[in-house]
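The structure under discussion appears below in the form of structure tokens.
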Protein chains: 2
Amino acid sequence: MNSILVVDDDPHIVRALAITLKGHGYTVTTAMDGESALHAAAQRPVNVVILDLGLPDIDGTTVITRLREWSAVPILVLSARHGSNDKVEALDAGADDYITKPFGLDELLARLRAILRRNTDSREETTTIETSSFTVDLAKRQITKSGQDVRMTPTEWNILDIMVRNPDKLITQQQLLTEVWGPAYAKEANYLRVYMAQLRRKLEVEPGTPRHFITEPGMGYRFVP
Amino acid sequence: MNSILVVDDDPHIVRALAITLKGHGYTVTTAMDGESALHAAAQRPVNVVILDLGLPDIDGTTVITRLREWSAVPILVLSARHGSNDKVEALDAGADDYITKPFGLDELLARLRAILRRNTDSREETTTIETSSFTVDLAKRQITKSGQDVRMTPTEWNILDIMVRNPDKLITQQQLLTEVWGPAYAKEANYLRVYMAQLRRKLEVEPGTPRHFITEPGMGYRFVP
DNA sequence: CCAAATTTTGACGCGCTCTTAACGCCCGCG
DNA sequence: CGCGGGCGTTAAGAGCGCGTCAAAATTTGG
């Protein structure tokens with residue numbers, strides 16, 4: 001859930017924005033002037049700040065500057081002024097986007113999505129799967145078993161990747177074969193036996209009696225964490 | 001030096017933009033239609049794409065979509081259309097900003113700075129990476145090995161940069177090739193071998209048995225501090 | 001316009017991975 | 001009780017990927 005701080009001195013705009021944003025699933029906090037905006041931003045971290053430039057107490061650009069002293073939160077500026085000087089100043093002070101009033105709500109929402117998309121793109125997913133005997137870090141492509149790194153060949157990794165991404169789910173042989181080797185190899189069930197044995201030898205405590213890479217006879221395989 | 005790809009079918013605009021941007025220290029490449037734009041972007045990685053929506057061959061939104069299939073390069077859209085539908089479509093397709101013509105050049109430049117700032121800001125957290133045998137200062141672009149400065153060629157630095165920014169993470173060959181040389185070179189795994197050998201010769205204590213630049217056969221490379 | 005540095009290209013040998021085949025086991029079925 | 005299919009295991013040859021070196025082509029800098 002993304003949280004947004006809306007800063008505007010016009011109660012109508014604040015209220016309208018808050019309702020619209022909440023309606024789209026965002027968490028909204030509001031502020032009516034610069035000081036309380038800075039205070040609110042310090043109080044609780046937000047994902048985006050929507051900032052009107054025409055505030056009663058502090059100049060909008062100053063708000064941006066003071067916010068940027070300690071925070072890298074994306075700032076989307078609203079303004080009634082069309083002059084390009086204001087835009088340049090605000091953007092160079094550290095704003096990320098600038099919309100002039102009157103603006104379309106769908107445009108505002110689209111620009112919000114663009115900003116948020118960029119911010120979550122850069123965040124690395126920490127997708128790690130853990131079992132009783134080994135750990136798979138999908139982002140790093142790293143497998144650890146009792147403190148030791150386990151090396152995988154490309155084919156081994158491909159199979160492991162599919163398996164751990166579908167825990168407790170039955171993967172048919174054809175599914176594995178077509179995804180790893182291509183549709184032309186859909187009948188080479190031999191390959192699976194060889195590589196499944198390899199995976200178990202590397203990852204299972206007792207390769208003879210596997211606990212994580214389970215064979216479903218006649219159907220396929222199942223990975224249970 | 002930041003490189004920009006300018007895409008517009010109006011020669012006057014292309015020319016004016018190119019001159020202005022070059023005057024501000026950017027490296028500029030140009031394209032007149034969608035296909036050549038995609039081709040140009042694939043040929044050599046750029047830091048920003050400035051894209052006009054009204055292209056003769058492909059719809060602008062399609063260009064964005066196809067670019068986003070393999071690249072995360074920031075896209076700044078220019079358009080003569082003021083309709084908010086166009087804006088929403090372009091932004092949701094993956095554009096980062098949207099300016100309607102006619103626009104002020106200083107506003108364009110300010111928005112460019114904002115985009116570029118955001119792209120470098122987010123990575124500024126750790127400026128120096130240290131290993132047992134050498135130190136990399138990302139901000140200064142300086143490498144030190146046992147008190148001695150180590151010189152790197154541009155390509156060598158690009159690779160090193162990607163590697164040290166993703167410690168312990170496996171970087172696939174395609175990832176390196178597309179980010180350093182562009183997607184058109186995704187199959188030239190030869191280059192990687194040559195340059196990885198170069199990096200190891202310059203940075204590893206024993207280039208023959210690397211401890212920091214590890215090869216994951218068939219998959220890619222991994223940097224371990 | 002020349003010289004140096006850098007990038008690109010090609011060739012070679014080695015080691016590892018993939019592929020393939022053979023064999024034994026367990027289980028269900030006739 | 002004998003048979004066959006599906007599965008696990010192992011081993012060996014073929015082929016590919018990697019590191020290395022060196023030379024050609026291109027770019028950079030003076």
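So you know, we letter chains A, B, ... as the sequences are listed, proteins then strands, and number each from 1. Computed from a predicted structure; not experimentally measured.
Note: CD (A:Gln198) to P (D:dT9) measures 11 Å, nearest angstrom. Between the NZ atom of A:Lys187 and the C1' atom of D:dC7 there is a distance of 19 Å, rounded to whole Å. Across the protein-nucleic acid pair, A:Glu206 atom CD and D:dT9 atom P stand 12 Å apart, rounded to whole Å. One can place CG of A:Leu199 at 14 Å from C1' of D:dG8, the figure rounded to the nearest angstrom. Straight-line distance from the CG atom of B:Leu176 to the C1' atom of C:dT7: 17 Å, rounded to whole Å.
The environment of CD in B:Gln174 is sparse: at most 12 heavy-atom neighbours from other residues, nucleotides or ligands sit within 6.0 Å. Within 6.0 Å of CZ on B:Arg15 lie no more than 12 heavy atoms contributed by other residues, nucleotides or ligands.
OP1 or OP2 of C:dC18 has at least one side-chain nitrogen or oxygen of A:Tyr195 nearer than 4.0 Å. Contact between the side-chain N/O atoms of A:Thr153 and the OP1/OP2 oxygens of C:dC16 is not found at any separation under 4.0 Å. Distances shown here put a side-chain N or O of A:Trp181 below 4.0 Å from the OP1 or OP2 atom of C:dT19. Distances shown here put every side-chain N or O of B:Tyr191 at or beyond 4.0 Å from the OP1 or OP2 atom of C:dT7.
Set against C:dT9, C:dT17, C:dC18, the side chain of A:Arg151 has C:dT17 as its closest nucleotide.
Taking the nucleotide of DNA chain C with the nearest heavy atom to each of B:Glu156 and A:Met152, the more 5' of the two is matched to B:Glu156.
The ring pair (Phe, Tyr, Trp, His ring centres under 6.0 Å) search around B:Tyr191 returns B:Trp181, not counting sequence neighbours. For the side-chain contact (heavy atoms from CB on, under 4.5 Å) test, residues two or more places apart in sequence or in another chain that qualify with A:Glu204 are A:Arg200, A:Pro210, A:Arg211, A:His212, A:Phe213. In terms of the side-chain contact (heavy atoms from CB on, under 4.5 Å) criterion, residue partners of A:Ala189 (sequence neighbours excluded) are, by chain and number, A:Gln173, A:Arg193.
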Are there any protein N/O atoms within less than 3.5 Å of an N/O atom in nucleotides 25-27 of chain C, and if so, which ones and at what distance?
none

Under 3.5 Å, sequence neighbours excluded: what are the donor-acceptor pairs made by side chains of residues 217-225 of chain B?
from	atom 1	to	atom 2	distance (Å)
B:Arg222	NE	B:Glu216	OE2	2.9
B:Arg222	NH1	A:Lys140	O	2.9
B:Arg222	NH1	B:Asp168	O	2.7
B:Arg222	NH2	A:Arg141	O	2.9
B:Arg222	NH2	B:Glu216	OE2	3.2

Let me have the donor-acceptor pairs involving side chains of residues 147-155 of chain A, under 3.5 Å, with sequence neighbours excluded, atom names and distances please.
from	atom 1	to	atom 2	distance (Å)
A:Asp149	OD2	A:Gln142	NE2	3.0
A:Thr153	OG1	A:Glu156	N	3.4

Open item on the list: I need a per-nucleotide contact map over nucleotides 13-30 of chain D, read 5' to 3'. Cutoff is protein heavy atoms under 4.0 Å; write B for the base, S for backbone only, - otherwise.
Closed with: ----SBBB----------
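Among pairs with a residue in residues 73-86 of chain B, those fulfilling side-chain hydrogen bond (donor to acceptor under 3.5 Å, both in side chains) read A:Asp106-B:Ser84, B:Ser79-B:Tyr98, B:Arg81-B:Asp86, at least two apart in sequence or across chains. Among residue pairs with one or both ends in residues 18-34 of chain B, none qualify as salt bridge (Lys or Arg N to Asp or Glu O under 4.0 Å); sequence neighbours excluded.
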